[in-house]
Amino acid sequence: MTSKHDLIGVTVAPVLPFHEKDLSIDWDSYERLMAYCMKPKGMVSAFVNGHAGDGAMLSPAERSEVIQRTRALIGRDTPLMAGIIPYSTEDAVTQAIQAEQAGADVLVLFPMPQFGAGASDDARYAMHYLESILAASKLPLSIFQQDVRAGYGYSTAVLAELVQCEQVIAVKEGSGSIQLYEDNLRMIRARAPHVAMLPSNYNWMFAQAATGADGLLSGMASLVPQELCDLWAATEACDLKAMRAANDKLYGFVRSVYGAAPLMDMHTRLKVGLAHLGIIDSAIPRPPLRPIPDAHAKRVVAELDKLMRTGRTL
């Protein structure tokens, strides 16, 4: 059974490449991508069917196939996390059962869209969601602490109730506030030490890592896995100078992917970089996402090439 200690390190949330002709999943490109991003030392797990992996745009059969194929690629010893992105409690339970049957090790519970209307500060809703999953699956769970600015991120008080559950082993922390991140970190350290804190705020992973973390979880590891593993290795060594060097190396690239509107293009921008490197065949996204404008695609490529010229160990 996967525990907090199995997630200490870097977790990649791989993007999912599609064929240009019919937007079906490009499994050959996906196989190359997984071989690329799982290679660095320090990459300890994979997280599929989340935002980076277009989980909300996949059919139930596709979500199960993503889990099955990823398991075959990474082996049994590497933890496999799977996103649950539901639109109702019944939908969440169905997805959880299907993910467990397909071979996932950990279920990552995304907040439902309805939660944006006030459930983030009312534990009744999040606890009922959690208890419904607990009744359907024995797998370990991770809570996705989403951006509070969008209304989906839980208050620290609500999160504190969720992490008391022994089956919850991690928090994917993307609250969008470094102040709230620290509040949540200190609460988990004090009240739920069995839970791993996995920062996933792409714009300030350095700050989160410096404040305290048990690992890093990001779609960005699809394209720059070595650089995130370097940042994590420096974090584990408590080497601030090396952490700053890793962050300096990533800065321009990170801003090209995550710093410009619309933010919904972020994972397609990662695909642009992967196609530029020849790792996937196409950066085409599934609608409602749209291809990246040429000017911004050139910026992503330029920043990626600049990062590459600084030297890589991968």
Side-chain angles (χ1 to χ4, degrees), residues 1-17 25-86 92-110 133-134 136-144 167-174 194-200 214-223 225 228-229 232 267 270:
M1 188 71 74
T2 304
S3 71
K4 165 185 175 175
H5 302 288
D6 298 309
L7 302 177
I8 294 176
V10 180
T11 295
V12 61
V15 297
L16 193 61
I25 299 172
D26 181 353
W27 294 116
D28 289 339
S29 287
Y30 186 70
E31 184 172 349
R32 294 195 300 271
L33 169 61
M34 291 306 297
Y36 168 77
C37 63
M38 294 302 298
K39 185 177 180 180
K41 180 182 179 181
M43 192 66 67
V44 297
S45 65
F47 166 46
V48 299
N49 294 342
H51 289 152
D54 295 315
M57 291 179 279
L58 303 179
S59 69
E62 286 175 325
R63 287 195 295 265
S64 291
E65 188 171 9
V66 168
I67 294 170
Q68 292 163 353
R69 285 180 178 262
T70 305
R71 169 61 71 208
L73 292 171
I74 67 176
R76 288 298 319 173
D77 293 335
T78 301
L80 177 55
M81 308 173 75
I84 306 299
I85 308 179
V93 169
T94 299
Q95 288 189 40
I97 293 171
Q98 291 172 340
E100 183 171 5
Q101 291 174 343
D105 295 312
V106 181
L107 304 178
V108 182
L109 306 186
F110 284 58
I133 299 299
L134 292 174
S137 173
K138 300 303 182 184
L139 288 182
L141 306 176
S142 173
I143 304 300
F144 184 8
Q167 210 163 313
V168 174
I169 65 166
V171 170
K172 178 185 183 303
E173 223 294 350
H194 68 286
V195 173
M197 189 64 148
L198 304 178
S200 60
D214 296 300
L216 306 173
L217 191 162
S218 180
M220 184 165 44
S222 295
L223 181 52
L228 286 190
C229 286
W232 179 248
H267 299 123
L270 292 174

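Computed from a prediction, not measured in an experiment: that's the story for all the values here. Every heavy atom of this structure was used, including side-chain atoms; hydrogens, water molecules and symmetry mates were not.
- One distance of note links CG of L33 with CE of M38; it measures 10.5 Å at 0.5 Å rounding.
- If you take OG on S29 and CG on L16, they are separated by 10.0 Å, rounding to the nearest 0.5 Å.
- Residue S142 holds its OG atom at 7.5 Å from CG of L109, rounded to the nearest 0.5 Å.
- Inter-residue side-chain proximity for L7 and P79 is flagged as met; some heavy-atom pair is nearer than 4.5 Å.
- Partners of S45 under the side chain to side chain donor-acceptor pair (under 3.5 Å) rule, at least two apart in sequence or in another chain, are T11.
- A pairwise comparison of heavy atoms in P225 and C37 identifies CB-O, 3.6 Å as the closest pair.
- Of all heavy-atom pairs between A13 and A52, the closest is O-CB, 3.4 Å.
- For the pair P140 and M1, the tightest heavy-atom approach, listed with the atom from each and the gap, is CD-SD, 3.2 Å.
- Legend: residues meeting side chain to side chain donor-acceptor pair (under 3.5 Å) with E100, ordered by chain and number and at least two apart, are S137.
- Rounding to the nearest 0.5 Å places CD1 of I84 at 5.0 Å from CG of L107.
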Listed pairs under 3.5 Å, donor-acceptor, residues 69-76 side chains, sequence neighbours left out:
residue, atom, partner, partner atom, Å
R69, NE, E65, OE2, 2.8
R69, NH2, E65, OE2, 3.2
T70, OG1, Y30, OH, 2.7
T70, OG1, V66, O, 2.6
R71, NH1, G75, O, 2.8
R71, NH1, T78, O, 3.0
R71, NH2, G103, O, 3.1
R71, NH2, D105, OD1, 3.1
R71, NH2, D105, OD2, 2.4

Dump the intermediate steps for side-chain contact (heavy atoms from CB on, under 4.5 Å) on I8 and V44, then the final yes or no. CA-CA 7 Å; I8 294 176; V44 297; over 6 Å; no

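- Side-chain contact between K4 and H194 is absent, with no heavy-atom pair separated by less than 4.5 Å.
- Y36 places no side-chain N or O within donor-acceptor distance of the main-chain N or O of S222, the cut-off being under 3.5 Å.
- Counting only heavy atoms from C-beta outward, the side chains of Q101 and S64 never approach each other to under 4.5 Å.
- Minimum interatomic distance between L228 and M220 (heavy atoms only, all atoms of both residues): CD2-CE, 3.9 Å.
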Open item on the list: Between N49 and I85, does the side-chain contact (heavy atoms from CB on, under 4.5 Å) criterion hold? Intermediate values first, please.
Closed with: CA-CA 8 Å; N49 294 342; I85 308 179; over 6 Å; no

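- Closest of all the heavy-atom pairs between H267 and V15 is O-CG1, 4.0 Å.
- Shown here for A221 and V10, the closest heavy-atom pair between the two residues is CB-CG1, 4.4 Å.
- No side-chain heavy atom of K41 sits less than 4.5 Å from a side-chain heavy atom of C229.
- To the nearest 0.5 Å, the span separating CG on L139 from CD1 on I97 amounts to 11.0 Å.
- Atom-to-atom distance recorded for F110:CZ and Q95:CD is 10.0 Å, nearest 0.5 angstrom.
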Is there a side-chain contact (heavy atoms from CB on, under 4.5 Å) between I169 and D6 once you walk through the steps? CA-CA 10 Å; I169 65 166; D6 298 309; over 6 Å; no

